[in-house]
Amino acid sequence: PLCSNNNPYASFGATLARDEEQNLWSTPHDMTHTEADDDRVLYNMIVVRNQLDKDSEEWQKLNYDIYTLRQTRKEVRSRWKHILEDLGFQKEADSLLSVTKLSIISDSQNMGKARDILLKLSEETNIFPTSWELSERYLFVVDRLIALDAADEFFKMASVVYPKRPSGER
């Protein structure tokens, strides 16, 4: 007989629900999220939504906002992956984009350069949506590109593939 004290699967459903709440980026059970500000915003939206009645207008609006934010994040990640693959990092693209709570900056001297490149990507390309707040996640990715001596090539490719367009143009 399986008694809950000895059953290793007793909390399985609770673990799945907790994993889904922590699914802050885009895919189920994605544990690559950081605990950055943008993650906390999304997490708080999920917590508030889960406290609301599913039939309410507020729940539907929050659910739509959560979905939209996740889709935007998927799109940005896809853009970065596309450029990495074009630069020859087909096999490494996913690992270069994987940022966890345990990720570290490879060289503290690169931090300033990584911030500058990330800001330049934000201002001079459309790799990020207009309303996007810079994510700490991509600071780690740029740091890795600097370590691989590929950050400048990444910026050049992003400028070609996702050029900044005047605000009226689509």
Side-chain angles (χ1 to χ4, degrees), residues 15-16 18-46 49 62-167 169-170:
T15 302
L16 286 178
R18 198 168 44 251
D19 283 351
E20 179 58 27
E21 285 182 5
Q22 292 176 348
N23 169 16
L24 301 180
W25 282 87
S26 58
T27 55
H29 314 297
D30 175 10
M31 298 309 290
T32 65
H33 66 275
T34 63
E35 290 185 347
D37 289 341
D38 56 336
D39 289 335
R40 281 189 282 281
V41 167
L42 183 53
Y43 178 78
N44 289 336
M45 289 170 65
I46 292 168
R49 179 201 60 190
L62 263 177
N63 196 52
Y64 177 79
D65 291 346
I66 291 166
Y67 172 81
T68 301
L69 184 53
R70 284 182 171 157
Q71 288 305 111
T72 302
R73 288 176 170 192
K74 276 174 114 172
E75 181 182 326
V76 170
R77 186 182 192 285
S78 176
R79 290 176 181 183
W80 279 72
K81 185 174 180 177
H82 172 75
I83 293 172
L84 289 170
E85 290 173 345
D86 284 353
L87 290 174
F89 294 106
Q90 291 87 359
K91 293 181 181 177
E92 301 88 354
D94 286 324
S95 61
L96 285 169
L97 291 169
S98 178
V99 177
T100 69
K101 295 176 211 174
L102 303 176
S103 296
I104 57 169
I105 296 293
S106 64
D107 182 350
S108 60
Q109 294 177 343
N110 289 344
M111 181 63 84
K113 184 175 181 183
R115 284 188 200 281
D116 291 344
I117 292 172
L118 191 60
L119 191 58
K120 196 171 161 184
L121 281 164
S122 166
E123 293 173 348
E124 299 180 25
T125 74
N126 274 334
I127 196 163
F128 296 112
T130 310
S131 62
W132 184 270
E133 288 186 30
L134 287 182
S135 173
E136 186 179 354
R137 165 180 291 249
Y138 290 100
L139 188 62
F140 287 93
V141 178
V142 172
D143 173 65
R144 293 170 184 166
L145 292 172
I146 291 170
L148 292 168
D149 200 26
D152 292 330
E153 290 80 14
F154 185 92
F155 175 78
K156 288 176 192 168
M157 180 76 71
S159 297
V160 170
V161 178
Y162 301 105
K164 193 64 147 187
R165 295 183 215 138
S167 56
E169 239 179 89
R170 280 217 129 208

Which residue pairs pass the side chain to side chain donor-acceptor pair (under 3.5 Å) test with at least one member in residues 83-96, sequence neighbours excluded?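 Counting only pairs at least two positions apart or across chains, the side chain to side chain donor-acceptor pair (under 3.5 Å) contacts touching residues 83-96 are Arg77-Asp94, Lys81-Asp94, His82-Asp86.
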Measure the spacing between [atom1] of [X] and [atom2] of [Y] and express it to the nearest 0.5 Å.
| X | Y | atom1 | atom2 | answer |
| --- | --- | --- | --- | --- |
| Leu84 | Leu97 | CG | CG | 5.0 Å |
| Asp65 | Leu62 | CG | CG | 6.0 Å |
| Glu75 | Trp80 | CD | CH2 | 14.5 Å |
| Leu118 | Arg137 | CG | CZ | 13.0 Å |

Closest approach of Val141 and Leu96, non-hydrogen atoms and distance?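 Where Val141 meets Leu96 most closely, the heavy atoms are CG2-O, 3.5 Å.
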Closest contact, heavy atoms only, Phe128 versus Ser122: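 Closest pair (atom of Phe128, atom of Ser122, distance): CD1-CA, 4.0 Å.
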Per the side chain to side chain contact (heavy atoms under 4.5 Å, CB included) rule, which among Val142, Asp143, Leu139, Asn110 passes with Arg115?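 Running side chain to side chain contact (heavy atoms under 4.5 Å, CB included) over Val142, Asp143, Leu139, Asn110 with Arg115 returns exactly one hit, Leu139.
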Does Leu119 have any side chain to side chain contact (heavy atoms under 4.5 Å, CB included) partners at least two apart in sequence or in another chain, and if so, which?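 If we apply the side chain to side chain contact (heavy atoms under 4.5 Å, CB included) test to Leu119, skipping adjacent residues, the hits are Glu123, Leu134.
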For Lys164 and Thr125, run side chain to side chain contact (heavy atoms under 4.5 Å, CB included): C-alpha distance rounded to whole Å, both residues' side-chain angles, the deciding distance at 0.1 Å, then the answer. CA-CA 4 Å; Lys164 193 64 147 187; Thr125 74; 5.8 Å; no
How about Tyr138 and Leu121: do any of their side-chain heavy atoms sit closer than 4.5 Å?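 Side-chain contact under 4.5 Å: no.
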Sequence neighbours left out, cut at 3.5 Å: what donor-acceptor pairs do the side chains of residues 151-162 make with other protein atoms?
residue: Ser159; atom: OG; partner: Phe155; partner atom: O; Å: 2.9

With a cut-off of 6.0 Å (strictly less than), are more than 12 heavy atoms of other residues, nucleotides or ligands near CG of Asp149?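 Counting neighbours around CG of Asp149, 12 or fewer heavy atoms of other residues, nucleotides or ligands fall under 6.0 Å, so no.
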Walk me through it: do Ile83 and Ile127 pass the test side chain to side chain contact (heavy atoms under 4.5 Å, CB included)? CA-CA 10 Å; Ile83 293 172; Ile127 196 163; 3.6 Å; yes
Within the side chain of Ser78, is there an N or O that forms a donor-acceptor pair under 3.5 Å with the backbone of Lys74?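 No; zero donor-acceptor contacts below 3.5 Å.
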